[in-house]
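Heads up: numbering here begins at 1 and tracks the sequence.
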Amino acid sequence: MLLTSLKTFAALAALVAIIPLMVWAGSGSWRHALHATKEYLLSMGVIVVPVLLLVGAITLAEFIG
């Protein structure tokens, strides 16, 4: 279980690290890379949080009903 969790965490870290590395390589500015990472995480949060809330509501409805 712990190994699977570590692999999942490493995969997510690698996916998030791609964004600043691409921007840094393209622009040469670490500040732009950090800004791009912040915007990427914000946009992913806008997508992921509602989906997780919906999944939680469906799971709760299945559990109760």
Side-chain angles (χ1 to χ4, degrees):
M1 178 70 177
L2 180 64
L3 184 59
T4 303
S5 298
L6 289 175
K7 287 180 184 178
T8 303
F9 179 75
L12 289 173
L15 287 172
V16 171
I18 288 171
I19 302 302
L21 291 175
M22 286 191 315
V23 172
W24 187 27
S27 70
S29 171
W30 185 243
R31 181 175 292 160
H32 289 189
L34 292 177
H35 180 70
T37 304
K38 183 182 91 171
E39 294 297 323
Y40 171 73
L41 292 175
L42 181 66
S43 63
M44 290 307 292
V46 167
I47 295 169
V48 170
V49 169
V51 170
L52 288 177
L53 289 173
L54 181 64
V55 168
I58 291 171
T59 304
L60 185 63
E62 283 290 322
F63 182 71
I64 292 173

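Nearest approach of Ala33 to Pro20, heavy atoms of both residues: CB-O, 3.3 Å.
The hydrophobic cluster containing Leu15 does not contain Leu34, counting ILVMFWY residues as joined when their side-chain heavy atoms lie under 4.5 angstrom apart, directly or transitively. Residues Leu41 and Met22 share a hydrophobic cluster, clusters being chains of Ile/Leu/Val/Met/Phe/Trp/Tyr side chains in contact below 4.5 Å. Residues Leu21 and Ile19 fall into different hydrophobic clusters, defined by Ile, Leu, Val, Met, Phe, Trp and Tyr side chains chained together at heavy-atom separations under 4.5 Å.
The distance from the CG atom of Leu53 to the CG atom of Leu60 is 12.0 Å, given to the nearest 0.5 Å. Rounded to the nearest 0.5 angstrom, Trp24 CH2 and Thr37 OG1 are separated by 11.5 Å. The structure places CD1 of Ile64 at 11.0 Å from OG1 of Thr59, a figure rounded to the nearest 0.5 Å. For the atom pair OG1 of Thr4 and CZ of Phe9, the computed distance is 15.0 Å after rounding to the nearest 0.5 Å.
Val23 shares a hydrophobic cluster with no other residue; no ILVMFWY side chain has heavy atoms under 4.5 Å from its own. With a 4.5 Å cut-off between side-chain heavy atoms of Ile, Leu, Val, Met, Phe, Trp and Tyr, the cluster of Leu54 takes in Ile58. Think of Phe63 as one node in a network of Ile, Leu, Val, Met, Phe, Trp and Tyr side chains linked at under 4.5 Å; it has no links at all.
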